[in-house]
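All values below were derived from every heavy atom in this structure, side-chain atoms included, with hydrogens, water molecules and symmetry-related copies excluded. Note that ligands are numbered from 1 as they come in the structure, with each ligand's atoms numbered from 1 the same way.
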Amino acid sequence: MKTRPASSVRVRFAPSPTGHLHVGGARTALFNWLYARHHGGVFILRIEDTDRSRSTDENIAAILEAFEWLGLSWDEGPPTPGYRQTERMELYREHAQRLVASGRAYYCDCPPEALERERQAAQRRGETFRYSGRCRDRGLRAGALRLRMPDQGATAVNDLIHGPVTFEHRQLDDWILVRTDGTPTYNFSNVVDDVTMRITHVIRGNDHLSNTPKQLLCYEALGYPVPEFAHVSMILGPDRSRLSKRHGATSVQAFRDAGIPADAMVNYLARLGWSHGDQEIFSRAELIELFDIKDVAASAAIFDRTKLEWLSQEHMKQMDGARLAELALPFFARAGLPVPRDQAWLARVVDTLKERAKTLVELVEVGRFYVERPPEYEEKAAQKLFTAEGARRLDVLIERLGSLPDFTAESLERAYRELTEALGLKLVDLAQLSRLAVTGRTASPPIFEVLALLGREETLARLGAARAGIGSSR
Ligand code: GLU
């Protein structure tokens with residue numbers, strides 16, 4: 001059962017489903033979510049799908065999936081009907097009619113070609129095109145519906161991030177609310193949705209800042225109170241141009257597939273523009289507790305993959321084995337490896353790997369030997385260690401490990417130390433030989449833990465296979 005929100009904060013994220021959820025959108029969504037959760041308010045997901053040619057159900061599904069992965073739960077939104085703009089056409093029509101009735105909007109039948117000629121002429125003069133207002137007082141009953149804007153004065157947007165930003169009315173024109181074909185424009189449907197959904201704070205990308213004065217005048221024309229606005233800066237690539245595919249992966253799903261844990265992604269996205277002292281690592285609960293829109297920077301944030309991966313590792317290191325095992329599990333299948341069935345065993349396995357991997361993909365890569373016998377051995381090391389002398393040492397090891405009363409890391413270490421001494425060797429000699437035989441590599445987590453986790457039977461099988469390989473080739 002849902003508890004009643006303790007505050008009246010109502011925020012929304014309103015993606016246009018024309019593609020996947022981009023990191024910039026995800027960060028905007030996160031700031032809305034954190035703001036709602038911090039204030040005990042309501043977070044709404046609204047799908048702005050009026051651009052029917054580019055909005056698809058697949059994109060909506062992908063966006064919802066990205067939200068679920070990030071753990072950004074919404075209180076209102078799909079699948080409940082009424083949160084897609086295409087389901088809200090009647091509301092836009094009603095509000096348009098109100099503006100017509102009050103004389104705040106008027107119809108315009110200027111042919112698109114004529115407007116286009118004017119636009120081009122303005123462009124040639126180096127000016128921004130503004131509709132002339134030709135149809136303002138013609139009393140037409142059909143056509144495109146335009147909002148009558150004041151000719152003089154100015155509108156100030158009191159942005160929570162940027163402070164007051166003033167727009168002169170003479171720079172704004174009588175913009176189109178509803179097109180001739182009856183479809184509402186983005187700026188109009190967005191206002192109608194925000195008022196009817198009783199949104200208190202509009203937190204969105206600052207590419208929408210320039211739309212805000214037009215929208216404020218539309219609220220005013222409709223007689224609605226205006227919400228607060230906060231325009232979040234853009235995210236740039238390392239070359240300071242707007243983050244795009246050129247800079248690598250930008251969709252949220254791509255980071256999930258690259259094995260970044262969701263908590264680390266959320267931590268990273270929050271730090272793109274928001275800060276709290278010089279703290280870098282935040283749990284979700286801390287973010288909710290500490291987040292304040294006023295601490296969001298007005299300047300652009302630069303996307304830094306290295307830092308994201310650093311955070312990813314830090315989060316993995318802090319996770320308990322059982323949780324990390326749960327997250328790592330799907331990555332075994334994806335790497336084409338057998339999927340470990342024993343969760344408790346896997347929890348111990350991943351504990352040995354988390355210092356050695358920045359992502360879940362790397363974690364599985366460095367730990368693949370736990371579930372797969374080495375398909376080959378590092379060549380140089382094999383030449384050095386898999387010698388006649390190596391074969392003798394493996395024989396001794398196999399015999400000794402076969403008769404150990406128990407197969408724990410401690411008893412293995414003891415046995416190795418005793419053997420080393422008896423043979424007049426250094427511990428590393430037997431350790432490297434064993435490591436190469438059981439993992440195929442010269443670097444791995446601590447060898448005695450590895451052997452204990454593999455268990456006696458598997459360890460002996462692998463030492464035996466390495467030994468047999470030497471026997472046949474030398
Ligand atoms: N659909 C708009 C976008 O994706 C939302 C703008 C807003 O949040 O007001 O950019």
Side-chain angles (χ1 to χ4, degrees), residues 9-36 41-57 59-64 66-67 70 72 74 76-78 82-89 91-92 95 157-162 165 167 175 177 183-219 222 224 226-235 242-244 250-252 269 273 293 296 300:
V9 165
R10 291 175 62 84
V11 292
R12 84 312 190 262
F13 178 62
S16 307
T18 54
H20 279 225
L21 185 62
H22 178 272
V23 281
R27 195 231 358 210
T28 303
L30 175 63
F31 285 179
N32 275 286
W33 183 81
L34 288 172
Y35 195 76
V42 172
F43 175 56
I44 298 162
L45 186 57
R46 174 172 87 222
I47 306 294
E48 302 208 323
D49 61 345
T50 30
D51 181 351
R52 289 187 199 223
S53 60
R54 297 200 301 143
S55 304
T56 66
D57 285 345
N59 288 335
I60 296 178
I63 291 170
L64 300 190
F67 264 70
L70 287 170
L72 304 184
W74 57 101
E76 293 180 21
Y83 290 88
R84 289 173 65 156
Q85 289 190 322
T86 44
E87 298 166 335
R88 302 169 63 81
M89 290 300 168
L91 275 173
Y92 311 135
H95 282 80
V157 179
N158 285 313
D159 194 90
L160 294 174
I161 295 171
H162 298 269
V165 188
F167 295 85
W175 54 281
L177 302 164
T183 57
T185 56
Y186 153 72
N187 277 316
F188 183 54
S189 50
N190 189 261
V191 167
V192 172
D193 287 338
D194 284 344
V195 292
T196 51
M197 291 179 177
R198 303 188 316 283
I199 300 302
T200 56
H201 297 73
V202 171
I203 303 170
R204 62 184 173 191
N206 72 3
D207 46 339
H208 290 292
L209 182 58
S210 59
N211 289 322
T212 312
K214 296 192 205 177
Q215 295 191 323
L216 283 177
L217 290 162
C218 186
Y219 279 94
L222 286 164
Y224 284 120
V226 298
E228 303 268 11
F229 286 93
H231 287 91
V232 180
S233 68
M234 291 289 105
I235 300 178
R242 198 169 159 174
L243 188 70
S244 71
T250 54
S251 85
V252 167
L269 290 173
I293 198 80
V296 173

Check your understanding: Which of parallel (below 30°), tilted (30 to 60°) and perpendicular (above 60°) describes His208 and Tyr186?
Key -> tilted

Please produce the table of protein N or O atoms sitting under 3.5 Å from N or O atoms belonging to ligand 1, one pair a line, distance to 0.1 Å.
from	atom 1	to	atom 2	distance (Å)
ligand 1	1 (N)	Ala14	O	2.8
ligand 1	1 (N)	Ser16	OG	2.8
ligand 1	1 (N)	Glu48	OE1	2.6
ligand 1	4 (O)	Ser16	OG	3.4
ligand 1	8 (O)	Arg12	NH1	2.7
ligand 1	8 (O)	Arg12	NH2	3.4
ligand 1	9 (O)	Arg12	NH2	2.7
ligand 1	9 (O)	Tyr186	OH	3.3
ligand 1	9 (O)	Asn190	ND2	3.1
ligand 1	9 (O)	Arg204	NH1	2.9
ligand 1	10 (O)	His208	NE2	2.7

Exercise for review: Check whether any side-chain N or O of Asn187 sits under 3.5 Å from a backbone N or O of Gln215 as a donor-acceptor pair, and report yes or no.
Suggested key: no

Check your understanding: Does a side-chain N-to-carboxylate-O contact under 4.0 Å join Asp57 and Arg84?
Key -> yes

Review point. If you measure from the Lys or Arg side-chain nitrogens to the Asp or Glu carboxylate oxygens, is any gap between Arg46 and Asp194 under 4.0 Å?
Key: yes

Exercise for review: Report the residues that fulfil ring-ring contact (aromatic ring centres under 6.0 Å, His included) with His201, sequence neighbours left out, ordered by chain and then residue number.
Suggested key: Tyr35

Check your understanding: Are His22 and Val252 side-chain neighbours, meaning at least one heavy-atom pair lies under 4.5 Å?
Key -> no

